[in-house]
Amino acid sequence: MTPSNTVVTRFAPSPSGHLHVGGARTALFCWAYARGRSGKLVLRIEDTDQKRSSDSASVGFARDLKWLGIAWDEGPEFEGCGGGPHGPYFQSERLETYQRYLDQLIASGVAYYAFESPQELTAMREAAKAQNRPFRYTGEVARALPPDRVRAMLAEGRPAVVRFHTPPGAITIVDEVLGTALIPDGETDDFVIRKADGYPTYHFAVVVDDELMGVTHVLRAQEHFNNTAKHIVLQDALGFRRPTYGHLPLIFNPDGSKMSKRDKDKVLRKALVEKGVTEPPTATVTRQRFTAWMADKTMQLELEETMALAEAYQVALPEINVDDFRRSGYLPEVLCNFLSLNGWSPGGDLETFDNEFLASHFDLDRVVKTPAKFDRAKLLAFNLHAIASMPREEFVRRTAAHGAAFHPSFMERLSSEQFSGLCNASHERSKTLDDLFRTNTFITTADDLLVWDSKATRKVLEGGSPSGFHHLKALREVLVTTDDWTVAGLEGVITPYAVRSAEGNLGAVAQPLRVAVSGSTVSPPIFDTLAILGKASALRRIDRCLAHSPATL
RNA sequence: GGCCCCAUCGUCUAGCCUGGUCCAGGACACCUCCCUUUCAAGGAGGACACAUGGGUUCGAAUCCCAUUGGGGUCACCA
């Protein structure tokens, strides 16, 4: 059993999508707060919305939390995490528990059945709005219903919700981040605590579960701040203790908009319009769906469809979910580090730290009150520094794991020697674990499929005096006779050539070579590039390049 | 619109509680130069903020008030 003085925090997502960075930050702070105080973190799945919950989502949450290094002590069981005496940890499996407390409230007369339909309520709201006054459900009509009439209506099977009768009086919220706030009398109306489908609402389930699971500290996003008043009156009515509250500042897009999955649709649609795409590639989405989506800016595709289209047209989608960041090659420890800097700081100039440091230093009094805009450029810089400072072996290992997960065909086409050569050449210029795969596709392109059709490549080959082609042709003869096809060996013949024939200007000979073997002006250092490709492949590419525009020689 | 909350460089923030050491510190981004076989990285510089107006005080980024601006919330969603 958990000792009564133990700190217990909880992360309680609703499984309606993927774990996004805001949720991850909340989870991280909950974890850090508990861990730094030898407490416990409870993971609870708030799946009381039958329409929006999906089973796969909660598994996704578990995996994402694990990847971030956030371990929960109690909750759904997943790879060594979870379990515990307060289960089940899915709210949809706790319905009897909620009913028990609900009966208690009804019996004591502070909760009552209400029979207005959603349509009626909408009409009431609109009427209030038309008169320019706020709508508050006070339930005079419903509460005036005689008990036997209520029983009769229920017996008839009339759809009904249960509402909580909020007692009069102002409500004081004490928050460890925002301070004390006074919610005036009448602001909190008689809210629904059980829906017509028999499920509890968020407010009711949260209050019951936090009590039963021994939660001492509720750390959640600031959007829940006003809900706290509802939770407090419920706690009082049920005789529960009040946990300590800390409301965390929200995280937004750089432009101030809310981060949402819609952002992906937005970016993708814009990119496709710019590319003039009018037909979906096969095996992505149906044509009707595609056309409808292109025309309707509010329409959202399924995540899989969005990804498939982005993949097909090489559109980089904004990362929103934790999984997006993993896919993009960010390190989990960096994401955590950066995320914790959005809304908290250890003070002073320190910015780089790990989760253990966070756990031992995190406190609510250093949580800022202002919302943060998520700066991907800074995240990227953090990631770059973390990658640069990791040992080479670790870089190779983690890059290989990333490749196996997200670029299997790339990995298959490279021998382990080629791959480690590529890692050596790419480590210091990698901002993410994904960079190497995205920027070196020329390696896995077949020798006879390489093209040199850009303005830049033409300029490199045709320009200069003597021209790039001239150097390339001369270099070809040098390379044919080179047997030591290694970084050092290649440098040993190419640098002397540059000294001999290009006034020591290595760039004048490296660029034509680079273009010839990679098809572009950007690649890893030229000696590495040649070494990775191997002699046969490199020479084939050079020969094909020379054969392409002999006229300019 | 009602209610609640907030307000330091473009961004994340330090400093604010316990006024003077702050003509405000760090990081990312930006600009310039250097280095350089491309791209990065790296090195050296630079520009950039206390929202406004009133108080209080010998003295305010720091305390108070107002204004303005921003955010949240007003669901049988969480």
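These figures come from a predicted structure and were not determined experimentally. First the proteins, then the strands, lettered A, B, ... as listed; each starts at 1.
Of the listed nucleotides (B/rG15, B/rA78, B/rG71), B/rG15 has the atom at the smallest distance from the side chain of A/Arg366. Distances from the side chain of A/Asp349 to the nucleotides B/rU37, B/rG2, B/rG26 place B/rG26 closest. Distances were taken from every side-chain heavy atom of A/Lys373 (C-beta onward) to each of B/rU11, B/rA40, B/rC76; the shortest belongs to B/rU11. When distances run from any side-chain atom of A/Ala196 to the nucleotides B/rC76, B/rA78, B/rC12, the shortest one goes to B/rC76. Each of B/rU37, B/rA29, B/rC3 was ranked by its minimum atom distance to the side chain of A/Glu187; first place goes to B/rC3. Listed nucleotides B/rA7, B/rC12, B/rU38 differ in distance to A/Leu341; the shortest reach to its side chain belongs to B/rC12. Looking at the side chain of A/Ala381, the nearest of the listed nucleotides B/rU37, B/rC28, B/rA41 is B/rC28. Here the side chain of A/Phe225 is nearest to one of B/rC76, B/rC4, B/rG2, namely B/rC4. Taking every side-chain heavy atom of A/Asp375 into account, B/rC28 is the closest of B/rC28, B/rU73, B/rA75. Listed candidates were B/rU38, B/rA78, B/rC74. Nearest to the side chain of A/Pro525 is B/rU38.
In a base pair of the Watson-Crick type (N1 to N3 plus N6-O4 or O6-N4) or a G-U wobble (N1-O2 and O6-N3), with each distance short of 3.5 Å, B/rG20 is matched with B/rC58. The pairing partner recorded for B/rC30 is B/rG46, the criterion being a Watson-Crick or G-U wobble arrangement whose two distances lie under 3.5 angstrom. When Watson-Crick and G-U wobble pairs are counted only if both distances are under 3.5 Å, B/rC35 pairs with no nucleotide at all. Summarising the base pairing, B/rU73 is matched to B/rG2 through a Watson-Crick or G-U wobble pair whose two defining distances lie under 3.5 Å. Figure legend. B/rA7 is base-paired to B/rU68; pairs are counted as Watson-Crick or G-U wobble with both atom distances under 3.5 Å.
Nucleic acid contact for A/Val192: sugar-phosphate only, since backbone atoms but no base atoms lie under 4.0 Å from a heavy atom of the residue. Among the heavy atoms of the strands lying under 4.0 Å from A/Pro118 is at least one base atom, whether or not backbone atoms are also near. Counting non-hydrogen atoms under 4.0 angstrom, A/Phe527 reaches a base of the nucleic acid. A/Thr48 comes within 4.0 angstrom of the backbone, heavy atoms only, and of no base. Across all strands, A/Pro13 comes closer than 4.0 Å to no nucleic acid atom at all (heavy-atom distances). Within the nucleic acid shown, A/Thr370 comes within 4.0 Å of sugar-phosphate atoms alone, with no base atom in reach, counting heavy atoms only. When heavy atoms are screened at a 4.0 angstrom cut-off, A/Arg163 is found touching the sugar-phosphate backbone but no base atom. Contact annotation for A/His224: base contact, defined as any heavy-atom pair under 4.0 Å involving a base atom. Across all strands, A/Glu116 comes closer than 4.0 Å to base atoms (heavy-atom distances). Counting non-hydrogen atoms under 4.0 angstrom, A/Ile526 reaches a base of the nucleic acid. Among the atoms of the strands shown, none is found under 4.0 Å from any heavy atom of A/Gly179. Across all strands shown, A/Leu384 has heavy atoms under 4.0 Å from sugar-phosphate atoms exclusively, and none from any base. In this structure, A/Leu250 reaches the sugar-phosphate backbone alone: every heavy-atom distance under 4.0 Å involves primed, P, OP1 or OP2 atoms, never a base.
A donor-acceptor pair under 3.5 Å is absent between the side-chain atoms of A/Ser518 and the main chain of A/Ser523, judged by distance alone.
In terms of phosphate contacts, A/Ser345 brings a side-chain nitrogen or oxygen within less than 4.0 Å of OP1 or OP2 of B/rA14. Considering only side-chain N and O atoms, A/Lys369 lies nowhere under 4.0 angstrom from the phosphate OP1 or OP2 of B/rC17. Side-chain nitrogen and oxygen atoms of A/His385 include at least one within less than 4.0 Å of the OP1 or OP2 phosphate oxygen of B/rG42. Taking 4.0 angstrom as the limit, A/Arg125 places a side-chain polar atom (N or O) nearer than this to OP1 or OP2 of B/rA75. For B/rA41, the OP1/OP2 oxygens have a side-chain nitrogen or oxygen of A/Lys431 closer than 4.0 Å.
Atom CG in A/Leu102 sits about 16 Å away from atom P in B/rC76, given to the nearest Å. To the nearest angstrom, C1' of B/rA75 lies 10 Å from CZ of A/Arg52. Look at CG on A/Asp528: it is 16 Å from P on B/rC39, rounded to the nearest Å. Taking atom CG of residue A/Leu339 and atom P of nucleotide B/rU11, one finds them 19 Å apart after rounding to whole Å. The distance between atom CD1 of A/Ile173 and atom P of B/rC6, rounded to the nearest whole Å, is 12 Å. Look at CD on A/Gln50: it is 16 Å from P on B/rC76, rounded to the nearest Å. For the pair A/Phe442 CZ and B/rC39 P, the interatomic distance rounds to 15 Å; values are reported in whole Å. Regarding A/Asn342, its CG atom lies at a distance of 12 Å from the C1' atom of B/rA27, rounded to whole Å.
At a cut-off of 3.5 angstrom, counting only N and O atoms as typed in the model, there is a donor on one side and an acceptor on the other between the side-chain of A/Lys378 and the base of B/rC12. Contact of A/Glu351 with B/rG26 (side chain to base): a donor-acceptor pair of N or O atoms is detected under 3.5 Å.
Between A/Arg136 and A/Asp190 there is no salt bridge, since none of the side-chain N atoms of the basic residue sits less than 4.0 Å from a carboxylate O of the acidic one.
For A/Ala388 and A/Asn227, each mapped to the nucleotide of RNA chain B holding its nearest heavy atom, the one lying further toward the 5' end belongs to A/Ala388. In this structure, A/Val368 and A/Leu506 both approach RNA chain B, and ranking their closest nucleotides by distance from the 5' end singles out A/Val368.
Taking atom P on both nucleotides, B/rU52 is separated from B/rA61 by 11 Å, rounded to a whole Å. B/rG10 and B/rC34 have their C1' atoms separated by 27 Å, given to the nearest Å. Distance check on atom P: B/rU62 versus B/rA7 gives 11 Å, rounded to whole Å. Taking the P atoms as reference points, B/rA60 lies 12 Å from B/rC23, given to the whole Å. Across the P atoms, B/rG43 and B/rC6 are found 40 Å apart, a figure rounded to whole Å. Rounded to whole Å, the separation between the C1' atoms of B/rG54 and B/rG45 comes to 41 Å. Distance check on atom P: B/rC50 versus B/rU67 gives 23 Å, rounded to whole Å.
A donor-acceptor contact closer than 3.5 angstrom links the side chains of A/Gln511 and A/Arg514. Between A/Asp209 and A/Tyr98, the side chains place a donor N or O and an acceptor N or O closer than 3.5 Å (distance only, hydrogens not considered). Judged by distance alone, the side chains of A/Arg376 and A/Ser328 never bring a donor and an acceptor atom under 3.5 Å apart. Under the 3.5 Å distance criterion, with hydrogens and angles disregarded, no donor-acceptor pair is assigned to the side chains of A/Ser467 and A/Glu462. Side chain to side chain, A/His471 and A/Tyr497 meet the donor-acceptor criterion of an N or O pair below 3.5 Å. A/His203 and A/His231 are linked by a side-chain donor-acceptor pair at a separation below 3.5 angstrom, with hydrogens and angles left out of the test.
The distance between the ring centers of A/Tyr137 and A/Phe191 does not fall below 6.0 angstrom.
In this structure, A/His402 and A/Phe437 have tilted ring planes: the angle between them lies in the 30° to 60° band.
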